[in-house]
Each structure stands twice: as structure tokens, then as C-alpha cells.
Q: 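Sending over a structure as C-alpha cells; questions will come in a sec.
The chains referred to below are lettered A, B, ... by the order of the sequence lines, with proteins before strands, and numbering in each begins at 1. Both backbone and side-chain heavy atoms feed into the values below; hydrogens, waters and symmetry mates do not.
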Amino acid sequence: MSQQQEEQKAIPLDKLTPQQLLQIKKQIEEEVQQLSQSSSQFRIAIAKYDESKVILKRLDQTPKDTDLLVPITASLLVPGRLISPQSVMIDYGTGYFVERNTEQGQHFCDRKLQLLKESQDKLSNIINQKKQFMDKLNIELQKRVLQVQQIQQQQQLQKQ
Amino acid sequence: MAEQVQMLQSKIEDESKHLQTLQREMQKYIEGRQKLIEQSHENEIVKKELDLLEPEAKVYKLIASVLVSQTLQESKENVSKRLDFIGKEFKKVEDLIKENTNKQIAKKTSIQKMQEQLYQIVQAYQQSLNK
């Protein structure tokens, strides 16, 4: 797909008709919107992992046998006691869970955060590239509008 | 002439319907391929994490609301097998996509030829009227 787009860029923009330019512009606008949505999903995920890290640190410092309330459903909390503040269960994905201590849990969050941030950066680059391309399209479209105006003006002058 | 025209038109209609079916099929293939890519990514991530674990680590697998204890060895093998399976399915879908693309090209070419034939017949008839 990106190869196709490269080929589209390789065709000099001034060879395309205004309708084609508008079409491509619409397409790129839609793509940028979708990519921006993905970008905000990244932000949310990163925020969640950051929060998890903070919670893990606090959990570490919470003494054993602290009273707490356990959510069974969204509206039902049950009193309980903190038995093992040191161990946490981590969801690794594809149905696998691993029991780790809070420090290993924080390292896990760090690794995930790194992955997320790398992907988010790649995404930002792609979005910027597309926006730059849109700017070029807009400049080209403006040129066409000016050209048409100039031709109309000349025709007016000739009629006089 | 009218008979020829009708025959061609109905053939063109049939081929166009076939083409639409092929396009719908292609849509499904592409969706399936996308899902496989996602699953492959997720399993790769799990594999990398499992590789970081020490042998005594307590691993559990979620089997329908029950966390069942697994050995690290079992889990690693399981994830590897899944990745292999996904790889094979991926190749299958890619082959299907290639086949479908070729079929679509063939259909489009045949539709185009028939449309040209139709055009020529109509042209010839109109010219014979003008004489």
C-alpha cells in the first residue's frame, strides 16, 4: 500500500487534474483522521501503564493484612484483607498470566511502555509525512485556482 | 443484431456478478489476513516475555474463567506451536488472495472484451443505417 502511495507521489502533481487532486486530498484526510485516533489510543494505553507502575510501588509499601474492599462487580464491593502485597498476577496476553513480585511487575510495565512509545513515535512520523503531503496538494490546488482565474481575466480583456 | 446484443449484454451481466462475488471473497480474505497479523504480533510479544522468565516462574493459562497452572516449558512450546500454526494459515490466505486477484483480472479482461465487441456491433449497425 505504501508502495502505491510512493508511486502516486512519483507522478508529478502538476500532471493531475484538479478532481484527482481533490480525491487524493480526501483520501489522505481520512487516513490522517484514522491514524490520529490510533495515536490517542496509544496515549490512553501509555497512561494506563504509567498508572499501573505507580500502583505497584504503592502496593509494595502497603503492609500485609491491610483491610481493603474488593470489587466483585461494578456495583458490589466485598471487604477483604491484603495477604500478599509482594506478588501480582500479570496478564501477558493470549490467555497467559504470570505471578511476579511488584518489582518485576514494574519492569514489565517499563518494557510495555517502551514498546508503546516506540510505536507511537513511528505513528507520529507517518502522520507528519501525510500532513506534509497534504500541504503540497493544497499548494498545487491553489495554483490551479490562480491559473483558472488568470485565464478568465485574460479572456475578459480580449473580449473588450 | 438484436439477438447478438442481448446475448452479449446478459453475458456481461453474468460476468459482472461473478466479479462482485470475487470481490466480496477478497474482502473476507483481507479481513482474515489482518486478524492473523494481529494474532501473530500478540503471540510474538508473549513469546518474548516468556523467554525473559526464570524456569521456576509461576505461569498460568486462562481456560474459560479458570487459571490453570502451567510449566514455563509447556507455555513456551504452546506459544511456539501457535505461532507456527498462524504462519501456515497466513501463507494459505496469501495464496488464496493471489488466486483471487488473478481470477479478478481475468474476469475484468473478459468483461472489457465483451463490452468492446458490443460497441463494435452497435457501431457497425449504426454505420449501415447511415448509408
Q: Partners of F108(A) by ring-ring contact (aromatic ring centres under 6.0 Å, His included), sequence neighbours excluded?
A: Y92(A)
Q: Taking atom CD of Q115(B) as the centre, does the number of heavy atoms from other residues, nucleotides or ligands within less than 6.0 Å exceed 12?
A: yes
Q: Can you tell which part of Q70(B) gets under 4.5 Å to a heavy atom of chain A, answering side chain, backbone, both or neither?
A: side chain
Q: Need one label for L52(B): side chain, backbone, both or neither, based on atoms under 4.5 Å from any heavy atom in chain A.
A: side chain
Q: In Å and rounded to the nearest 0.5 Å, what is the OG1 to NE2 distance from T94(A) to H41(B)?
A: 14.5 Å
Q: Count the heavy-atom pairs under 4.5 Å between each of I63(B), V68(B), N78(B) and chain A, then report the option with the highest count.
A: N78(B)
Q: Examine I111(B) and L22(B) and state if one hydrophobic cluster contains both, with Ile, Leu, Val, Met, Phe, Trp and Tyr joined whenever side-chain heavy atoms are less than 4.5 Å apart.
A: no
Q: For K107(B), does the NZ atom have more than 12 heavy-atom neighbours from other residues, nucleotides or ligands under 6.0 Å away?
A: yes
Q: Do other residues, nucleotides or ligands put more than 12 heavy atoms under 6.0 Å from the NZ atom of K58(B)?
A: no
Q: Does E49(B) pair with R100(A) as a salt bridge, N-O distance under 4.0 Å?
A: no
Q: Are there over 12 heavy-atom neighbours, none belonging to E29(A), within less than 6.0 Å of that residue's CD?
A: yes
Q: Is there side-chain contact between F97(A) and K61(B), with at least one heavy-atom pair below 4.5 Å?
A: no
Q: Between L62(B), V59(B), L67(B), which is the residue that forms a side-chain contact (heavy atoms from CB on, under 4.5 Å) with Y96(A)?
A: V59(B)
Q: Is there a side-chain contact between E54(B) and Q104(A) (heavy atoms, below 4.5 Å)?
A: yes
